[in-house]
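Everything on this sheet refers to the single structure shown next.
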Amino acid sequence: LINAYMPTNAVQSLDEYKECFDIIFNIKSKYDQSHNIILCGDLNGTLISTRNNKHDISLKQFTSDNGLKPTRDIQSKPTYFHTDGKATSQIDYILSNNDILLSTSIYCQDPVNKSTHVPVKACTNVYLEIKKNSKSKANSEAYKLIWEEMDKDIYINEIDKHIQYLPSDETTVDDKIKCV
């Protein structure tokens with residue numbers, strides 16, 4: 001798994017962008033014969049055919065030369081939303097040079113997500129057995145809400161939508177929160 005955060009499409013950034021591809025190529029070459037290769041991350045270039053700036057052209061050439069491609073079901077949905085609220089693009093990818101990727105999903109914007117990017121998820125045909133360590137905590141996700149940056153009205157509306165499905169009897173607030 002090669003995770004990349006490629007340079008932005010700034011003036012004079014093409015050399016740095018191509019240097020990153022040189023590093024990725026060296027990693028890929030070293031492990032290509034013994035491992036399944038997955039390249040993912042913010043590639044700051046798009047594979048969408050209608051856009052062709054200097055990074056887009058380099059990304060398309062690199063992925064073509066190295067047989068890296070997304071799954072067939074990849075939507076042309078945006079993964080990046082500019083802060084101006086007008087411009088969007090698809091620049092975040094999960095790519096592979098074999099059939100290890102089964103499907104790819106691009107998430108929608110969420111009121112809690114304050115990033116300009118949305119998550120991209122891929123399912124693979126690799127299954128790993130997870131051995132539980134008795135000393136570790138149960139698998140859980142933790143979210144830290146940045147209240148000063150959130151749109152509280154959207155957040156409250158989202159909570160209100162879910163509250164209607166909670167039991168209406170005399171349960172405690174803690175019990176109701178567990179239901180969500």
Side-chain angles (χ1 to χ4, degrees), residues 1-10 13 17 20-21 23-24 27-28 35-51 53 55-56 58-60 62-63 66-130 136-162 165 177-180:
L1 180 63
I2 304 170
N3 188 20
Y5 174 56
M6 301 291 282
T8 60
N9 192 15
S13 64
Y17 196 75
C20 289
F21 280 138
I23 293 168
I24 293 168
I27 295 168
K28 182 185 168 299
H35 292 76
N36 293 312
I37 303 296
I38 298 174
L39 171 62
C40 60
D42 180 354
L43 302 184
N44 271 314
T46 189
L47 297 174
I48 295 174
S49 61
T50 57
R51 202 177 92 180
N53 68 37
H55 284 196
D56 302 334
S58 293
L59 176 62
K60 290 170 187 170
F62 181 81
T63 56
N66 290 279
L68 293 165
K69 55 189 179 295
T71 57
R72 287 189 178 117
D73 65 340
I74 187 81
Q75 313 97 331
S76 58
K77 288 173 53 176
T79 61
Y80 170 76
F81 298 83
H82 193 277
T83 54
D84 67 9
K86 297 175 185 172
T88 64
S89 187
Q90 185 180 85
I91 59 174
D92 302 275
Y93 288 99
I94 302 174
L95 311 169
S96 182
N97 63 343
N98 54 38
D99 294 327
I100 192 171
L101 300 178
L102 298 176
S103 64
T104 306
S105 301
I106 297 172
Y107 283 66
C108 295
Q109 270 291 45
D110 186 286
V112 178
N113 179 12
K114 287 298 165 188
S115 173
T116 54
H117 297 258
V118 294
V120 178
K121 177 179 100 173
C123 293
T124 68
N125 60 10
V126 175
Y127 299 94
L128 302 173
E129 181 181 338
I130 299 174
S136 67
K137 295 181 181 179
N139 291 339
S140 64
E141 294 182 35
Y143 296 97
K144 178 181 177 187
L145 300 177
I146 305 172
W147 290 105
E148 61 273 8
E149 294 181 15
M150 284 186 52
D151 184 328
K152 291 180 183 78
D153 292 332
I154 294 173
Y155 182 78
I156 289 168
N157 287 336
E158 193 67 26
I159 294 297
D160 286 342
K161 280 194 276 182
H162 294 283
Y165 299 109
I177 290 173
K178 288 177 187 173
C179 292
V180 176

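Pairs engaging residues 91-121 under the ring pair (Phe, Tyr, Trp, His ring centres under 6.0 Å) rule: Y80-H117 [sequence neighbours left out].
Applying the salt bridge (Lys or Arg N to Asp or Glu O under 4.0 Å) rule to K60 yields no partners; only residues at least two apart in sequence or on another chain are considered. D56 pairs by the salt bridge (Lys or Arg N to Asp or Glu O under 4.0 Å) definition with R51, not counting sequence neighbours. Contacts of D84 classified as side-chain contact (heavy atoms from CB on, under 4.5 Å), with partners at least two apart in sequence or in another chain: H82, K86, A87. Scored by the ring-ring contact (aromatic ring centres under 6.0 Å, His included) test, H35 finds Y31 as partners (sequence neighbours excluded). Take F62 and apply the ring-ring contact (aromatic ring centres under 6.0 Å, His included) test, not counting sequence neighbours, and it matches F21. When the side chain to side chain donor-acceptor pair (under 3.5 Å) test is applied to T79, the partners found at least two apart in sequence or on another chain are D92. Every residue meeting the side-chain contact (heavy atoms from CB on, under 4.5 Å) condition with N113, not counting sequence neighbours, appears here in chain and number order: Q109, D110, S115, V118, P119. Taking the side-chain contact (heavy atoms from CB on, under 4.5 Å) definition, one finds that A10 meets it with T8, S13, sequence neighbours left out. By the side-chain contact (heavy atoms from CB on, under 4.5 Å) test, D73 pairs with T71, S103, T104, sequence neighbours left out. Residues passing the side chain to side chain donor-acceptor pair (under 3.5 Å) test with N97, sequence neighbours excluded: D32. A search for side chain to side chain donor-acceptor pair (under 3.5 Å) contacts involving S58 returns nothing, not counting sequence neighbours.
Counting only heavy atoms from C-beta outward, the side chains of T63 and L43 never approach each other to under 4.5 Å. N66 has its side chain out of reach of I37: every pair of non-hydrogen atoms, C-beta onward, lies at least 4.5 Å apart. You'll find the side chain of I38 reaches within 4.5 Å of the side chain of I94, heavy atoms only.
Closest approach of T46 and S89 over heavy atoms only: CB-OG, 4.4 Å.
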